[in-house]
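In the text below, chain A, chain B and the rest are named by the order of the sequence lines, each starting its count at 1.
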Amino acid sequence: MSDEFRKNMALFPIGIVMKLTDLTARQIRYYEQNELVFPARTSGNQRLYSFNDVTSLLRIKELLEKGVNIAGIKQMIGPNANAHEDATVLDDQSEVKRKELTDLQLHSLLKQQLLVAKRPGQVSLIQGELSRFYSN
DNA sequence: CTTCTTACA
DNA sequence: TGTAAGGA
């Protein structure tokens, strides 16, 4: 029940989100304009994204690549953001989709840890191991 | 150096 | 979407 809290904690700036999602700052801000994501702001007006925001962006990216437009995505995000195939053009098996989402979160988590450990000084216990799985 | 907004190609 | 400009 407190896990949700951490997932909703506004933690990373747009630069990190760019690496995590492979989206440009332009795109990320654009999606925000269209109310697809709602990042928090720092006192200095800097955007801060939560884990959930990153996950949302990854999902948005997915849908966009499948040919769904902003308006379409907007409609299927608020109400029931869970596994739903709008019978029209979406083709996912609820079971498979759920696993993919979990994997994306895991992927983000690992990358996040890598990034956090990169700055301070090479004092990470997992640095070596994880480095072999990610190019960034 | 990173991010922000606005505006134009 | 990309990118330049001008400020924080």
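If you take CD1 of A:Ile70 and P of C:dT1, they are 7 Å apart, rounded to a whole angstrom. The nearest whole Å value for the distance from the CZ atom in A:Arg41 to the C1' atom in B:dC4 is 8 Å. With rounding to whole Å, A:Ile28 atom CD1 is found 13 Å from B:dT5 atom P. Distance CD (A:Gln27) to P (C:dT3): 12 Å, rounded to an integer number of Å. Between the C1' atom of B:dT5 and the CD atom of A:Gln46 lies a distance of 12 Å, rounded to the nearest Å. Note: CZ (A:Arg29) to C1' (C:dT1) measures 13 Å, nearest angstrom. Atom CD in A:Gln33 sits roughly 9 Å away from atom P in B:dT5 (whole-Å rounding). Remark: P of C:dT3 and CE of A:Met18 are 11 Å apart, rounded to the nearest angstrom.
Dashed line: the shortest gap from a side-chain N or O of A:Arg26 to OP1 or OP2 of C:dT3 is not under 4.0 Å. For B:dC4, one of the phosphate oxygens OP1 or OP2 lies less than 4.0 angstrom from a side-chain nitrogen or oxygen of A:Arg47.
Residue contacts shown for A:Tyr49 are absent, as no nucleic acid heavy atom lies under 4.0 Å away.
Base pairing analysis places B:dC1 opposite nothing; no Watson-Crick or G-U wobble pair with both distances below 3.5 Å involves it.
The cluster map of Ile, Leu, Val, Met, Phe, Trp and Tyr, joined by side-chain heavy atoms under 4.5 Å apart, puts A:Phe12 and A:Met9 in the same cluster.
Map A:Gly44 and A:Leu64 each onto its nearest nucleotide of DNA chain C; the residue landing nearer the 5' end is A:Leu64.
Judged by distance alone, the side chain of A:Lys61 and the main-chain N or O of A:Leu23 form no donor-acceptor pair under 3.5 Å.
Interatomic distance, CD of A:Glu32 versus CG of A:Asp53, reported as 9.0 Å (0.5 Å rounding).
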TODO: Apply side-chain hydrogen bond (donor to acceptor under 3.5 Å, both in side chains) to A:Thr55 and A:Asn52, showing your working.
DONE: CA-CA 5 Å; A:Thr55 302; A:Asn52 282 335; 5.0 Å; no
